[in-house]
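Presented below is the structure to which this report refers.
Starting from 1, each residue takes its place in the sequence as its number. Bear in mind that the values here come from a model prediction, so they are computed numbers and not experimental data.
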Amino acid sequence: MRSLPVEITHLNSLLSLKVANNKLIEVPPGLSSLQRLENLDFSNNRLTSLENLDLLSMYNLQRLNLQHNKLLRCCSIPSWVCCNLEGNCIDLSSSSSEMDVLEDYDQETSENSQNGASITSSGHLCGSSPIHRCFRPRKSKRWKRQHLQQRARQERLNNSRKCVVACKHSVLVDESLVEGPSNIVDDDADDKELLTEEAECKDSVANVVDEDSRKEERYVERCSCVPDSIGTSIDSHSSCKKCDASVGSLSHADDVVEESSSPEVSNVPPKSKRHLDGVIDNPKPCKTRRPTDDSDLSCKYSMISFCGINDYLPDGFYDAGRDRPFMSLRNYEQNLHLDSREVILVDRQRDEMLDAIALRAQALILHFKQINGLFRDREHVAIDNLQIASLLALLVSDHFGGSDRSTIVQRARKTVSGSNYSKPFVCTCPTGNDDTTSIVTKDSPSGLGDILFLDLCEKALRSIKSRQNSIVVPIGSLQFGVCRHRALLMKYLCDRIEPHISCELVRGYLDFSPHAWNVIVVKRGESWVRMIVDACRPLDIREEIDPEYFCRYVPLSRINVPVVPDGIPGQVSSYPSLSGSDEIDKAPSSTLVQCKFGSLETVAKVRTLEVSRSSADEIKNFEYKCIGEVRVLGVLNSSCIVKYYGHQISSRWAPSSDGSSECRTLQSAIFMEHIKGGSLKKYVDKLSNAGEKRLPVELSVFIARDVASALTELHSRHIIHRDIKSENILIDVDKKRADGTPTVKLCDFDMAIPLRSYLHTCCIAHAGIPPPDVCVGTPRWMAPEVFQAMNKRNIYGLGVDIWSFGCVLLELLTLQLPYSELSELDIHNSLQVANRPQLPEELEVMATSSKAELEDLAKSCSGNDLDKQQSESHILRFLVSIYRWCTEKDPDDRPTAENLYNILLTCANSLPIQSKEEGSKSIR
């Protein structure tokens, strides 16, 4: 068959095409339209040209077999195609500039160059491995050897029997001449003549075998014997000695070629070419694209776990983790054992595989742009950048072993069945809406597939470190990669796309596991949008403020508001220095520090932990506690809850006292709005010291209303605060609300927990924070059911916050602490039997007996027919009744937060504006 039927170009679903051992002369023009074609085999034909085959448009093509044809020159082979050109008559001098390959020189080549030989080496990119597609450049010496054989044979035909030396060297190149007939299949008379000529040359071979055998021994010592899976087919039973003999013979053949083609021999060793950025054939970065020193940026990522969109990852960047002091690469190799966590190195100059991945990425994006016509349409750049980023994420995921789609399928099933619990955290574990599930272990594995893949990655890393005898692992050498490898490669590729993609490298927590991901910043209209791209889950890209992702993906450093005009949320040049800031308050577990966050006045809640003096669980729970509070603050949206501006988890290293090692100190800081008035407890103490008996009743109503409003927001999202008290309520009399009342806000959510956390293993679990069946909080404000969980686990609910709210009302009515007349032991006894704190006798008698009376009191707290004293008495009676209702023994008899807010709002709205102004003045 000399030509293919045209109808074959209409098979658009064709994946593989093999037309071998025929007499094809040309390829049909429409074959390039088969976009799904992956394997193409035209071996042992008579093709002289591939002009009709547009390989650049066949972006799914992986393997191209063109062995034993009559190609006189090589076309441009794309970087993603593994091409076999063995047995063609291609002139290397004319094809070296056309081949889309990378030049590389090994030790043998360097020695030959110094001896006068100039060898042009080239590499090919392989197709896909059985597990994932893996594109790598190789030193295809056998491919070069075959073309040198063709040159030597042609020289031998032209100088038949005139140049015995030329014949002798050409026979050395072809090992098959010693072993038997040629392996090239062809019907032409020229080939038959060549076989006859080769047979006549065998006698001259025997004279030089002894000399060449000594040279072979020298090459055997240098053999690495690394199997090659691309290019020409290699005999599986070939030995190290044969491989090196061919390498040695190659240099002799090259000498013959150089002597016949050039009168002079160059003594200058060859140099690799330097290409400009953006060139698809070899897009290696030039020196002008290195704005950041590799060690500086590596140190920055080690310290703050973040690289921004302006941090261009240079070649030489490395990630050594955050759990050890930052050092140079050499120090890591010298001082750390192979069992230590690997140091990930990104350097295309020393990593052939990384170079191949970058080539493939740029080729993929180029074809994507050509297909979608993005070169002509400049109005949708932001959307296109996100599409390009998603393609790169798929490429990275595919390279490192693929992605897990089970969570997407599970979420879809839950959504369809209506069992996807989301109050406010979306359930991603099997629990869903099931309330009958027994208490689960929070350390239980998320899935067998994840465990197997992680184990596979660890074994691959151990193998690489053992083989290289170093913990420094080039990222291109990894066949299986976890999140830290994927996010780093994703950032590296985004920085090298022209124009580059605005990409951040982020390290933090996914649920309660350390994780790394990327954030792509795109502009939509007049606003900036931050999209989370996780190469472990490349099919699920969402905005950073997505309710599920905002809670699940928690970075170690986050900025929740713009700190500069027209800034991008999440971007800040540096976090405020806390060492020189003013300390506002200090508690046993934290310190409040006043600082300036950009243009915002903020308060940082700072915790520290010395790692050397802490257990493994304490270290783990330290970060979990900060992550849990940040999660809760991030989902709450109420004017009566303190605003969350951002957080930072960092570590610093300092020499130990004896100077033998460095000690690590963990520090977490949560940045919130600054309420200058301070806590309600401070104000209550101030009035008590001044001789007052209670707060102004109007002010008590406003404070109770705002706290009830905060609880309504909290409980509507199924979150229990568990530490409601006057210390955790902030008040600012100078900063008025729209209705003229002072600002009141609830704060301190480090003990807050989702209501159903004990049922889940996903982010709802809030690992590191005691579940709602453990005794936590402050005893004087603690509900009886919480205290009773001290001796026996007892699941409690939202009603515990209502009891604590009632205790705050007692503070407003008496300016005294709950159970102030009792000792600590008596307090415990009272809580054990669910006795509420006692009010003064004059207030106890004011309580109403029914809810209907309470609602009537709320509406008539300030009637027109009441004087000031009568109005105050009505309000006192109303507040005392609220207190008794909130402190009922049975949690089911207590009001909900929404009930409280509605009835307190009714009372507050019935008060005239004059009462509000007087209440504000009285607290100054």
Do the side chains of D339 and R462 get close enough for a salt bridge, i.e. N-O under 4.0 angstrom? no
Test L556 against S650 for side-chain contact (heavy atoms from CB on, under 4.5 Å), laying out the working first. CA-CA 7 Å; L556 294 178; S650 59; over 6 Å; no
K465 (side chain) donor-acceptor with A460 (main chain) under 3.5 angstrom: no
Let me know which of L489, L461, L488 forms a side chain to side chain contact (heavy atoms under 4.5 Å, CB included) with I344. L488
Taking all atoms of both residues into account, what is the closest heavy-atom pair of A765 and I753, and its distance? O-CD1, 4.2 Å
The residue among K620, R341, R664 that forms salt bridge (Lys or Arg N to Asp or Glu O under 4.0 Å) with D323 is R664
Polar side-chain atom of S466 near backbone of S463 as donor-acceptor pair, under 3.5 Å: no
Look at R507 together with D319 and state whether they make a salt bridge at an N to O cut-off of under 4.0 Å. yes
Closest non-hydrogen atom pair between R631 and R552, with its separation: NH2-O, 3.6 Å
Over all atoms of both residues, closest heavy-atom pair of V473 and L478: CG1-CD2, 3.9 Å
Give me the atom names and distance for the closest heavy-atom approach of V472 to Q468. O-OE1, 3.2 Å
Which residue is it: V519, V506, I304? I am looking for the one with a side chain to side chain contact (heavy atoms under 4.5 Å, CB included) to P555. V506
Is the backbone of C762 close enough, under 3.5 Å, to the side chain of D511 for a donor and an acceptor to pair up by distance? no
Is the shortest side-chain heavy-atom distance between F368 and I388 below 4.5 Å? yes
Salt bridge check, R324 against E342: does any charged N sit closer than 4.0 Å to a carboxylate O? no
Are K596 and E601 ion-paired here, with the side-chain N under 4.0 Å from a carboxylate O? yes
Over 12 non-hydrogen atoms of neighbours within 6.0 angstrom of CD1 in I584: yes
Given F326 and Y318, is the ring-ring contact (aromatic ring centres under 6.0 Å, His included) satisfied, shown in steps? CA-CA 11 Å; F326 181 79; Y318 55 95; 5.6 Å; yes
To the nearest 0.5 Å, tell me how far T608 OG1 sits from F622 CZ. 6.5 Å
Run the ring-centre check on F480 versus F400 and record whether the distance is less than 6.0 Å. no
Under 4.0 Å between a side-chain nitrogen and a carboxylate oxygen: does that hold for K459 and D455? yes
Any carboxylate oxygen within less than 4.0 angstrom of a Lys/Arg side-chain nitrogen, looking at D315 and R348? no
Say whether, by atom type as modelled, one donor and one acceptor occur between the side chain of S668 and the main chain of I649 under 3.5 angstrom. no
Any non-hydrogen side-chain atom of L313 less than 4.5 Å from a side-chain atom of V346? no
Taking D351 for its side chain and G476 for its backbone only, find out whether a donor-acceptor pair lies under 3.5 Å. yes
Exercise: do Y509 and E623 side chains pair donor with acceptor under 3.5 Å: yes
Heavy-atom closest contact (A361 atom, L392 atom, distance): CB-CD2, 3.9 Å
Taking the six-membered ring of F550 (Phe, Tyr or Trp), confirm whether the NZ or CZ of R558 is under 6.0 Å from its centre and within 45° of its axis. yes
Check step by step if ring-ring contact (aromatic ring centres under 6.0 Å, His included) holds for F425 and H760. CA-CA 11 Å; F425 312 107; H760 295 261; over 10 Å; no
In terms of heavy-atom contacts, G768 and N621 come closest through CA-OD1, 3.4 Å
Between S390 and Q387 (side chain of the first, backbone of the second, donor and acceptor by atom type, cut-off under 3.5 Å), is there such a pair? yes
I'd like to know if E544 and R530 make a salt bridge, using a cut-off of under 4.0 Å between side-chain N and carboxylate O. yes
So, taking the atom named SG in C663 and the one named CZ in R652, what distance separates them when rounded to the nearest 0.5 Å? 11.5 Å
Is there a donor-acceptor contact under 3.5 Å linking the side chains of D540 and Y549? yes
Neighbour count above 12 (heavy atom, 6.0 Å) for K643 NZ: no
Is a salt bridge present between R613 and E610, judged by a nitrogen-to-oxygen distance below 4.0 Å? yes
Give a yes or no on this: more than 12 heavy atoms of other residues, nucleotides or ligands lie within 6.0 Å of atom CZ of R350. no
Electrostatic pair D534-R486, nearest N-O below 4.0 angstrom: no
